[in-house]
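This report refers to the structure that appears directly beneath it.
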Amino acid sequence: MSNYAIILAAGKGTRMKSDLPKVLHQVAGISMLEHVFRSVSAINPEKMVTVVGHQAELVQQVLGEQTEFVLQTEQLGTGHAVLMAEEQLAALEGQTLVIAGDTPLITGESLTALIDFHVSHKNVATILTAQADNPFGYGRIVRNQIDEVVKIVEQKDASDFEQQIKEINTGTYVFDNKRLFEALKNINTDNAQGEYYLTDVIGIFKEAGEKVGAYKLRDFNESLGVNDRLALATAEKVMRQRINQTHMLNGVTFINPEATYIDIDVEIAADVTLEANVVLKGQTKIASEAILTNGTVVVDSVIGQGSVITSSMIEQSQVGADVTIGPYAHIRPDSVLANKVHIGNFVEVKSSSIGENSKAGHLTYIGNADVGSDVNIGAGTITVNYDGQGKYATHVGKGAFIGSHSTLIAPLSVGDYALTAAGSVITDDVATDALALGRSRQVTKEGYATKFPHHPQQK
Ligand code: UD1
Ligand code: CA
């Protein structure tokens with residue numbers, strides 16, 4: 001029988017105290033909703049319907065074409081939210097997974113196991129539950145003397161006795177699809193929150209003598225429902241542990257995994273070493289034997305094999321093999337560094353390509369430039385790429401030697417093997433093999449300093 005899925009993502013998330021809809025808050029670099037979507041994809045649903053409401057357009061953009069959407073204009077409760085998918089689903093044979101968009105830690109494996117359990121037990125409804133040390137805030141699973149699930153009671157509706165129950169509703173369920181939409185016709189708002197609770201269908205099924213079951217997660221962490229920023233930080237921590245463990249098992253050395261922050265889609269080869277406070281974001285890829293020292297931040301970039309990045313920041317750029325960068329360098333977007341490039345301390349590179357074996361060791365700004373191979377860029381060199389209106393390009397040919405503190409005023413081309421004298425302001429193109437001097441001659445006046453008050457002869 002076919003699988004279908006409904007993701008609930010219409011709520012505002014009042015307890016987050018945020019302008020951003022709750023399900024769009026991020027965990028390890030992607031929204032909670034995308035985490036849920038990825039896990040749901042593991043059950044290969046024939047149809048997936050996401051219920052949106054609060055800031056619907058923003059939420060829809062995140063999942064795009066990957067799911068159908070239905071609009072819940074007023075957030076009247078989780079039961080009402082599911083009912084919004086009636087037109088899309090109610091007539092279909094099969095089972096439907098319902099999951100909340102604020103449970104980012106539930107894995108695809110658990111959802112697959114839940115479906116298998118539901119089907120093999122021929123249940124009408126199966127709840128994904130977990131055992132909580134502190135169940136406060138969750139719906140509780142009420143069982144009878146023979147341990148059958150009877151109903152779910154929400155925190156705000158629970159009696160003192162029911163509040164002692166530690167088995168909680170994760171907010172994920174599998175239902176016989178047709179029976180789900182029939183039962184939803186019978187729920188009401190007669191409860192502490194005045195909402196249509198999805199959880200009420202469990203009691204309805206049970207009273208009708210239908211088979212209801214629970215599949216308990218082994219790991220409570222998976223069930224975490226994020227309602228506020230405290231839980232968001234917990235989700236981030238659990239996800240970080242999972243991600244870092246996976247990389248360690250794949251052969252990556254972490255000096256301090258608790259303080260290493262890696263987004264979910266980052267790829268890291270074996271034999272990479274990551275020191276403390278390394279942050280790897282977005283679509284970053286790190287090749288083998290690279291070493292990233294303390295505090296290095298890499299965003300949407302590729303780092304080549306054996307490169308050593310020392311306490312530096314790299315954004316949207318490509319770094320080749322055996323490159324050395326830092327300490328305290330900033331590689332800004334659209335930069336391409338070839339193999340064996342050396343970028344030293346306090347160097348900024350932006351929208352530039354730097355050829356193999358070229359070096360900029362100290363205090364330099366390279367912007368909108370293409371620099372050939374085997375170029376030496378002296379300390380304090382800057383490309384003057386911006387006149388307040390446009391950006392202009394600088395070309396430096398292979399083997400060129402840019403003297404320290406050269407000011408290269410773009411647009412400018414320096415030919416292959418050309419030299420610029422230290423301290424030059426270079427305004428005109430320099431031909432291949434030429435030496436360019438762009439500075440005034442020094443004037444020295446012998447003995448002149450003795451006339452000044454600081455000099456011993458004046459005291
Ligand atoms: C819900 C469950 C609770 C469970 C907990 C697990 C109900 C009544 N309660 O409570 O038993 O322990 O999840 O985390 O279902 N939503 C809509 N439309 C609405 C209301 C909610 O789309 O009208 C969405 C929210 O965006 C959210 C999800 O449904 O993604 C859950 O809603 P939330 O208000 O967080 O429910 P809880 O109070 O956490
Ligand atoms: Ca919740």
Side-chain angles (χ1 to χ4, degrees), residues 6-16 18 20-25 31-37 40 49-56 58-60 62-63 69-85 98-106 125 127-132 134-142 149 151-158 162-163 165-173 175 180 184 187-204 214 216-217 220-232 234-235:
I6 301 175
I7 302 177
L8 304 184
K12 179 175 190 302
T14 311
R15 292 163 280 181
M16 294 297 281
S18 176
L20 192 68
K22 173 165 72 176
V23 296
L24 297 192
H25 281 262
S31 65
M32 296 201 274
L33 182 60
E34 286 167 281
H35 282 288
V36 170
F37 169 81
V40 169
V49 180
T50 302
V51 184
V52 292
H54 182 73
Q55 295 195 51
L58 205 60
V59 178
Q60 276 179 242
V62 168
L63 293 184
F69 293 99
V70 292
L71 190 65
Q72 184 195 25
T73 38
E74 267 187 294
Q75 282 74 63
L76 303 178
T78 49
H80 180 257
V82 172
L83 203 51
M84 299 297 106
V98 177
I99 187 166
D102 65 351
T103 53
L105 299 175
I106 294 182
I127 312 160
L128 186 66
T129 71
Q131 200 69 21
N134 174 14
F136 185 85
Y138 290 95
R140 308 297 209 287
I141 308 300
V142 180
V149 175
K151 61 173 179 173
I152 300 173
V153 58
E154 290 303 295
Q155 173 73 40
K156 289 187 177 149
D157 302 286
E162 288 164 340
Q163 288 188 25
I165 299 171
K166 295 205 160 170
E167 188 182 6
I168 60 107
N169 169 26
T170 63
T172 303
Y173 327 75
F175 298 103
L180 168 65
L184 282 172
I187 61 173
N188 58 43
T189 57
D190 188 9
N191 55 56
Q193 302 187 82
E195 288 181 4
Y196 292 98
Y197 289 165
L198 172 60
T199 45
D200 283 354
V201 301
I202 300 297
I204 291 172
K216 205 186 267 190
L217 286 171
F220 169 76
N221 275 337
E222 270 197 52
S223 70
L224 183 76
V226 174
N227 294 327
D228 58 27
R229 310 265 182 162
L230 296 176
L232 185 67
T234 305

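Computed from a predicted structure; not experimentally measured. For ligands, and for the atoms within them, numbers begin at 1 and follow the listed sequence.
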Checklist entry - To which protein heavy atom is atom 17 (C) of ligand 1 closest, and what is the distance rounded to 0.1 Å? => result Gln72 OE1, 3.6 Å
Checklist entry - Under 3.5 Å, is there a donor-acceptor pair between the side chain of Thr78 and the main chain of Leu198? => result yes
Next on the checklist: Can you give me the closest heavy-atom contact between Pro104 and Val226, atom names plus distance?
Outcome noted: CD-CG2, 4.0 Å
Checklist entry - Is there a side-chain contact between Glu34 and Leu63 (heavy atoms, below 4.5 Å)? => result yes
Item to check | Atoms in ligand 1 flagged as close to Gly101, the criterion being non-hydrogen separation under 4.0 Å | outcome: 30 (O)
Next on the checklist: Checking the side chain of Tyr138 only, and the main-chain atoms of Gly225 only, is there a donor and an acceptor separated by less than 3.5 Å?
Outcome noted: yes
Item to check | Nearest neighbour of atom 20 (C) of ligand 1 from the list Gly225, Ser223, Gly77, Gly11, on a heavy-atom basis | outcome: Gly77
Checklist outcome for this item: Ranked by distance from atom 21 (C) of ligand 1, the top protein heavy atom is Thr78 CG2, 3.8 Å
Checklist entry - Does Gln155 have a non-hydrogen atom less than 4.0 Å from ligand 1? => result no
Checklist entry - Heavy atom under 4.0 Å from ligand 1: found in His80's side chain, backbone, both, or neither? => result neither
Checklist outcome for this item: Here the atoms of ligand 1 under 4.0 Å from any heavy atom belonging to Lys22 are 35 (O)
Checklist entry - Where on Glu195 is there a heavy atom closer than 4.0 Å to ligand 1, on the side chain, on the backbone, on both, or on neither? => result neither
Checklist entry - Do you know which of Glu162, Glu167, Gln163, Gln155 makes side-chain hydrogen bond (donor to acceptor under 3.5 Å, both in side chains) with Arg140? => result Gln155
Next on the checklist: Evaluate Leu8 for polar contact with ligand 1, using N/O atom pairs at a separation under 3.5 Å.
Outcome noted: yes
Item to check | Interfacing atoms of ligand 1 (cut-off 4.0 Å, heavy-atom, Tyr138) | outcome: 6 (C), 12 (O)
Checklist outcome for this item: protein heavy-atom neighbour closest to atom 1 (C) of ligand 1 works out as Glu154 OE1, 4.5 Å
Checklist entry - Sorted by chain and residue number, which protein N/O/S atoms are under 3.0 Å from the Ca ion (ligand 2)? => result Asp102 OD2, Asn227 OD1
Next on the checklist: Taking side-chain contact (heavy atoms from CB on, under 4.5 Å) as the criterion, tell me which of Ile152, Ile202, Val153 meets it with Val142.
Outcome noted: Val153
Checklist entry - If we only count heavy atoms from C-beta on, is the Leu180 to Val98 side-chain gap below 4.5 Å? => result yes
Checklist entry - How does Ala10 reach ligand 1, by side chain, by backbone, by both or by neither, if only non-hydrogen atoms under 4.0 Å count? => result both
Checklist entry - Just heavy atoms, cut-off under 4.0 Å: does Arg15 contact ligand 1 by side chain, backbone, both, or neither? => result side chain
Item to check | Polar proximity ligand 1 side, Tyr197 side, N/O cut 3.5 Å exclusive | outcome: no
Item to check | Criterion side-chain hydrogen bond (donor to acceptor under 3.5 Å, both in side chains) on Asn227 and Lys22, from CA distance to verdict | outcome: CA-CA 8 Å; Asn227 294 327; Lys22 173 165 72 176; 3.0 Å; yes
Checklist entry - If you look at every heavy atom in Gln72 and Leu76, which pair is closest and at what distance? => result NE2-N, 3.5 Å
Item to check | Is_contact(atom 12 (O) of ligand 1), protein non-hydrogen, under 4.0 Å | outcome: yes
Next on the checklist: Quiz question: by atom type and distance under 3.5 Å, do the side chains of Gln75 and Lys12 form a donor-acceptor pair?
Outcome noted: no
Checklist entry - Is the shortest heavy-atom distance from the side chain of Ile168 to the side chain of Phe220 under 4.5 Å? => result yes
Item to check | Whether Val51 lies under 4.0 Å from ligand 1, heavy atom | outcome: no
Item to check | Any side-chain heavy-atom pair of Leu224 and Thr103 under 4.5 Å | outcome: no
Item to check | Per-atom contacts, ligand 1 versus Gly139 - under 4.0 Å to a heavy atom | outcome: 3 (C), 4 (C), 11 (O), 12 (O)
Checklist outcome for this item: Looking at Ile141, Thr170, Asp157, the heavy atom closest to atom 14 (O) of ligand 1 belongs to Thr170
Next on the checklist: Give me the atom names and distance for the closest heavy-atom approach of Val23 to Asp102.
Outcome noted: CG1-N, 4.1 Å
Next on the checklist: For the 3.5 Å polar cut-off, considering only N or O atoms, please tell me whether Ile152 and ligand 1 meet it.
Outcome noted: no
Item to check | Proximity of Asn169 to ligand 1 by residue part, where a heavy atom lies under 4.0 Å | outcome: both
Checklist entry - What residue and atom, counting heavy atoms only, is the protein's closest point to atom 28 (C) of ligand 1, and at what distance? => result Ala100 CB, 3.6 Å
Item to check | Leu128: which of Asn169, Ile99, Leu217 passes side-chain contact (heavy atoms from CB on, under 4.5 Å) | outcome: Leu217
Checklist entry - In terms of atom number and element, which parts of ligand 1 are under 4.0 angstrom from non-hydrogen atoms of Ala81? => result 17 (C), 18 (N), 22 (O)
Item to check | Whether Ile168 lies under 4.0 Å from ligand 1, heavy atom | outcome: no
Item to check | Atom indices of ligand 1 within 4.0 angstrom of Leu76 heavy atoms, with elements | outcome: 23 (O)
Checklist entry - Of all heavy-atom pairs between Ala81 and Val51, which one has the smallest distance, and what is that distance? => result O-CG2, 3.5 Å
Checklist outcome for this item: Note: Phe175 and Ala125 closest approach over all heavy atoms is CD2-CB, 3.6 Å
Next on the checklist: Would the distance check show the side chain of Asp157 and the main-chain N or O of Ala192 forming a donor-acceptor pair, the cut-off being under 3.5 Å?
Outcome noted: yes
Checklist entry - Among the heavy atoms of Ala9, does any lie under 4.0 Å from an atom of ligand 1? => result yes
Checklist entry - Which heavy-atom pair separates Thr50 from Ala9 by the least distance, and what is that distance? => result CG2-CB, 4.1 Å
